[in-house]
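Input: a single structure, listed below in structure tokens.
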Amino acid sequence: MPELPDVEGFRRVLTQCGKGRTVEDVEVRDAGVLRGVTGKKLRQELKGKRLGTAWRHGKWLFVPVEEDGPTLAFHFGMTGSLRCCSPDEPPETHDRISITLDGGQELRYCDQRKLQGVRLCDDAEIEHMVNDLGPDARAVPRAEFEELLSTRRGAVKSALMDQSVIAGLGNLLCDEILWRARVHPRTPARDLDARALRGLHTRMGRVLDTSVRAGCVPPRRSWLTGHRDESDGVCPRCGQSLRSSRVSGRRTVWCPGCQN
DNA sequence: CGTATAACCTGCGTGC
DNA sequence: TGCACGCAGGTTATAC
């Protein structure tokens with residue numbers, strides 16, 4: 001599930017629940033989500049420490065521990081989430097880490113599939129991680145967006161999906177953006193003219209704005225996303241039958257009528 | 001440089 | 001009811 005809009009929602013959860021709070025306890029219910037850190041170490045580094053201002057880049061969520069401490073980094077894979085709970089709420093099946101804060105609330109990192117996880121990073125590691133990512137999709141200016149795509153030989157969808165090009169777009173967002181811009185997902189990125197690139201950037205901005213507000217890519221009937229799970233989906237714009245195939249290994253839905 | 005594939009891990013729906 | 005299989009909004013290593 002989590003693409004940029006979802007992670008932005010988790011950032012708000014972390015801000016509202018955790019900002020300025022002191023960690024009272026850390027319970028690792030499944031160490032399978034820990035990456036490069038042991039439960040013991042995580043607990044030791046967090047307990048009694050105050051959480052700073054959460055920030056996001058692409059699909060990564062970060063929160064600094066104290067002013068000069070390490071940074072807690074979350075990635076949500078395909079099934080992760082972060083909730084703010086009261087301690088008497090029974091844990092969900094896939095709640096993996098629970099962080100108890102002063103003031104009585106708990107942050108719970110939940111993830112069914114454990115494809116990604118939680119790590120504890122120093123400043124150099126954070127810098128390295130962010131350097132490997134392209135600019136955040138929500139903040140990339142049009143000129144830079146056009147430049148990043150204009151040199152790519154491969155399918156435009158592959159470029160949009162590549163986190164080292166632009167950070168934050170996932171499978172649903174890419175299909176939605178391409179559909180709105182009337183661009184076929186397999187079009188070589190560098191074949192797009194200035195007008196098409198401008199259109200893509202504009203659509204990306206609009207799709208992101210709405211999705212961030214919703215906390216997900218909303219499956220509205222007027223959106224492509226609202227039809228992609230139907231076996232006989234129809235384009236809500238032109239009525240043609242939607243097509244589906246694989247582009248760079250991911251299921252890709254598009255409208256043969258609108259997207260050439 | 002690019003693409004495709006499998007792998008990581010779990011659960012759900014489908015068809016036999 | 002059981003079981004094999006394919007599939008899922010992500011990332012990474014590896015082979016071509």
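The chains referred to below are lettered A, B, ... by the order of the sequence lines, with proteins before strands, and numbering in each begins at 1.
Formation of a donor-acceptor pair under 3.5 Å by the Q163(A) side chain with backbone atoms of M161(A) is found in this model.
Within the 4.0 angstrom heavy-atom criterion, only backbone atoms of the sugar-phosphate kind lie near T151(A); the bases stay farther away.
With respect to the salt-bridge test (charged N to carboxylate O, under 4.0 angstrom), the residues E24(A) and R50(A) do not qualify. At a threshold of 4.0 Å, the pair K59(A)-E3(A) does not count as salt-bridged, since none of the basic side-chain nitrogens sits closer than that to a carboxylate oxygen. Under the 4.0 Å criterion applied to side-chain N and carboxylate O atoms, D175(A) and R251(A) are not assigned as salt-bridge partners.
Whole-Å rounding puts the L133(A) CG to dG10(C) P distance at 14 Å. Rounded to whole Å, the distance from CZ on R228(A) to C1' on dG9(C) is 8 Å. In this structure, E3(A) places its CD atom 10 Å from C1' of dG10(C), rounding to the nearest Å. In this structure, CD of Q116(A) is placed 12 Å from P of dC9(B), rounded to the nearest angstrom. Going from atom NZ of K114(A) over to atom P of dG10(C) covers 20 Å, rounded to whole Å. Atom CE of M78(A) and atom P of dA7(B) are 17 Å apart (whole Å). Note: CZ (R35(A)) to C1' (dT12(C)) measures 11 Å, nearest angstrom. To the nearest angstrom, P of dT10(B) lies 19 Å from CZ of F76(A).
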Output field dot_bracket for DNA chain B (Watson-Crick or G-U, both distances under 3.5 Å, | for other-strand pairs) contains .|||||||.|||||||

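Spacing between dT10(B) and dT1(C) at atom P, rounded to whole Å, works out to 25 Å. Nucleotides dC3(C) and dC8(B) place their C1' atoms 23 Å apart, quoted to the nearest Å.
Within residues 157-177 of chain A, no residue has a heavy atom under 4.0 Å from DNA chain B.
E92(A) contributes atom CD, which lies 12.0 Å from atom CD of Q112(A) (distance to the nearest 0.5 angstrom).
Comparing R246(A) and R153(A) against DNA chain B, the residue whose closest nucleotide sits nearer the 5' end is R153(A). For the pair T93(A) and G154(A), both in contact range of DNA chain B, the more 5′-proximal nearest nucleotide belongs to G154(A).
Counting atom types as modelled, R113(A) pairs a side-chain N or O with a base atom of dA8(C) as donor and acceptor under 3.5 Å.
With a 4.5 Å cut-off on side-chain heavy atoms, R108(A) and E106(A) count as touching.
Neither OP1 nor OP2 of dC9(B) sits under 4.0 Å from any side-chain N or O of H94(A). An OP1 or OP2 oxygen of dT11(C) is reached within less than 4.0 angstrom by a side-chain nitrogen or oxygen of H75(A).
The aromatic ring centres of F76(A) and Y109(A) sit less than 6.0 Å apart.
Annotation: cation-pi pair R11(A)/W55(A) absent, no NZ/CZ under 6.0 Å from the ring centroid and within 45° of its normal. For the pair R228(A) and W179(A), the cation-pi criterion (under 6.0 Å, within 45° of the ring axis) is not fulfilled.
The closest side-chain donor-acceptor pair between T252(A) and K157(A) falls under 3.5 angstrom.
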